[in-house]
Amino acid sequence: MTDWRDHVEPLGPSVIGIKKHGHMVTDAALVGTDLKTVLSGDERAPEQLVNAASLPGAVGRVWAMADHHFGYGLPIGGVLATDHDAGELGGAVSPGAVGFDINCGVRMLAFDMDADDLPDPAKFARRLGGRVPSGTSGRGGVDLTSRDLMHVLEEGASAAADLGLGAVDDVLLLESRGRLDAELEGVSQRALERGATSLGTLGSGNHFAELQAVEHVVDAETAEAWGLYEGQLVAMIHSGSRGLGHQVCTDHVRHLERQFTSEDGGWRHETYDWWIPDRQLAAAPRHSPEAEAYLGAMGAAANYAFANRAVLSQRLITALEVHTRSSVEWSTVYDVAHNIAKDEEHVIDGKRCTCSVHRKGATRAFPGSHDGLCPEHKATGQPVLVPGDMGTGSWLMAGPKTAMNAAFGSSCHGAGRRLSRAAARKQVDVPALMERLTAAGVHLKHGTERGLAEEAPEAYKPVDDVVDATEEAGLARRVAKLVPRVVVKG
DNA sequence: ATGTCC
């Protein structure tokens, strides 16, 4: 294999390019604080970018955001755009380049209340943990009739509200209005079964529900436009499509992977004239039956995730109302999908192009000038929700005010892992971590000790550095730093 | 990420 290091070029502040070479059909780019950090990181991630840039129809650059790390096929933090008009049937659509947790994402709520006025936060952590079920079991979810599940899969966030289960004040304040086009043919019986009982559950790993305080506002004008102020109580809910989305990805990845056989150090498709370097990037042309089936099922799973975050929001709001023994004034700041593929129009080398933009652990960060944004975001750019780790906090960012950024309007989605889960388990002293969090005023309700060790702050890159690099690269700008007060994790 | 192996 050609060494990508021989093809590295600086592209600007905090952006490094990998020039097209070998099987690549387009260039790649990585966002990072400095070249040394990128070059000394896990070399498997740049190799995966090179592989993705070899997929049929790949256009622009294949990007790795500042929080990227090695993943299945494409790095987490990867952005891949493919041309709808490439070849006979269009460019590649790859389930592995979206990821297993379809429409994993973040909902942010704002409360008309100061964070310091939350009574007995330790007790609230236990209370919230009781109402927001977490862990891998999926227990504690809403039991949906088959008819109601279909409604959720077709309509997304608004369906949760229709069923009286989900908090939605205005669907315009959700990315894609909380709904993608869905076709249920590609959703297997097993996927439906897994979805029937897990709506309203958090999951495990880096998923969480948090009450946070707005610690520091960087962009006062934008914060004000979104109704946010220092000291305010806000919430972030980070969850996805649970077992249903995982099953949809598994089904379609397996189906597509079986269509490729080993050839010349890569994989050849049985009918389409395609060669790909990594079977995990198994893909089908945008206008093929396989891609249409996947995208329809992906849309259904995405809708399940939008609805899930709406139900979790309602459960959190109810917990807060029970806790404070009063009604609570709240509003939605935004809801982002950070594992998704979407049809979007972009200008590439001066030419308009309809493409499939795969964002895997990358947040859309559209400019205020984009047609798809609601009036509240026209002057500011799209809100970009960047959950960090449980000790350091999270960031609220904004897309550019006017022009689409170079990464197909994308930004980072979190802090990004620094240690593997195994390394974190080995290194982290859980009792000491608990003491540290308590001393920092973070009230935690967690599941397993193992999960906690894997999610310790030291297992993640410093989110402030990731956000700085993202801003330097011109992808999004900082609006406010948020610090955790109450954390529920699987 | 994931009823952490159909």
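Owing to the predicted nature of the structure, the values given are computational and were not obtained by experimental measurement. In what follows, chains carry the letters A, B, and so on, assigned in the order in which the sequence lines appear, proteins first and then strands, with residues in each chain numbered from 1. As a basis for the values below, the full set of heavy atoms in this structure was taken, side chains included, without hydrogen atoms, waters or symmetry mates.
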- Hey, what's the ring geometry for A:Phe408 with A:His346, parallel, tilted or perpendicular (30° and 60° as the breaks)? perpendicular
- Query: When we call it a touch if two heavy atoms are under 4.0 Å apart, what does A:Arg421 touch: a base, just sugar-phosphate, or nothing?
  - Reply: sugar-phosphate
- Message: Tell me whether the side-chain N/O atoms of A:Ser204 come closer than 4.0 Å to OP1 or OP2 in B:dT2.
- Response: yes
Would you mind reading off the distance between [X] atom [atom1] and [N] atom [atom2], rounded to a whole angstrom?
X	N	atom1	atom2	result
A:Asp101	B:dT4	CG	C1'	14 Å
A:Phe100	B:dT4	CZ	C1'	12 Å
A:His207	B:dT4	NE2	P	16 Å
A:Arg242	B:dT4	CZ	C1'	12 Å
A:Ile76	B:dT2	CD1	P	13 Å

- Message: Against A:His238, only a single residue in A:Arg107, A:Lys489, A:Arg309, A:His338 fulfils side-chain hydrogen bond (donor to acceptor under 3.5 Å, both in side chains); can you say which?
- Response: A:His338
- Task: Pull out every residue in residues 243-255 of chain A that has a heavy atom closer than 4.0 Å to any atom of DNA chain B, ordered by number, or say none.
- Result: A:Gly243, A:His246
- Message: Is the terminal nitrogen or CZ of A:Arg417 (NZ for Lys, CZ for Arg) located under 6.0 angstrom from the six-membered ring centre of A:Tyr460 and within 45° of that ring's axis?
- Response: yes
- Relative to A:Phe366, does A:Arg364 satisfy both conditions: NZ or CZ under 6.0 angstrom from the six-membered ring centre, and within 45 degrees of the ring's axis? yes
- Note on the structure: To the nearest 0.5 Å, atom CG of A:Asn103 lies from atom OH of A:Tyr304 at 12.5 Å
- If you take atom types as modelled and just measure distance, does the side chain of A:Thr136 reach the base of B:dT4 with a donor-acceptor pair under 3.5 Å? yes
- Toward the 5' end of DNA chain B, by each residue's nearest nucleotide, A:Gly205 or A:Arg450: A:Gly205
- Partner set under salt bridge (charged side-chain N to carboxylate O under 4.0 Å, His left out) for A:Glu290, not counting sequence neighbours: none
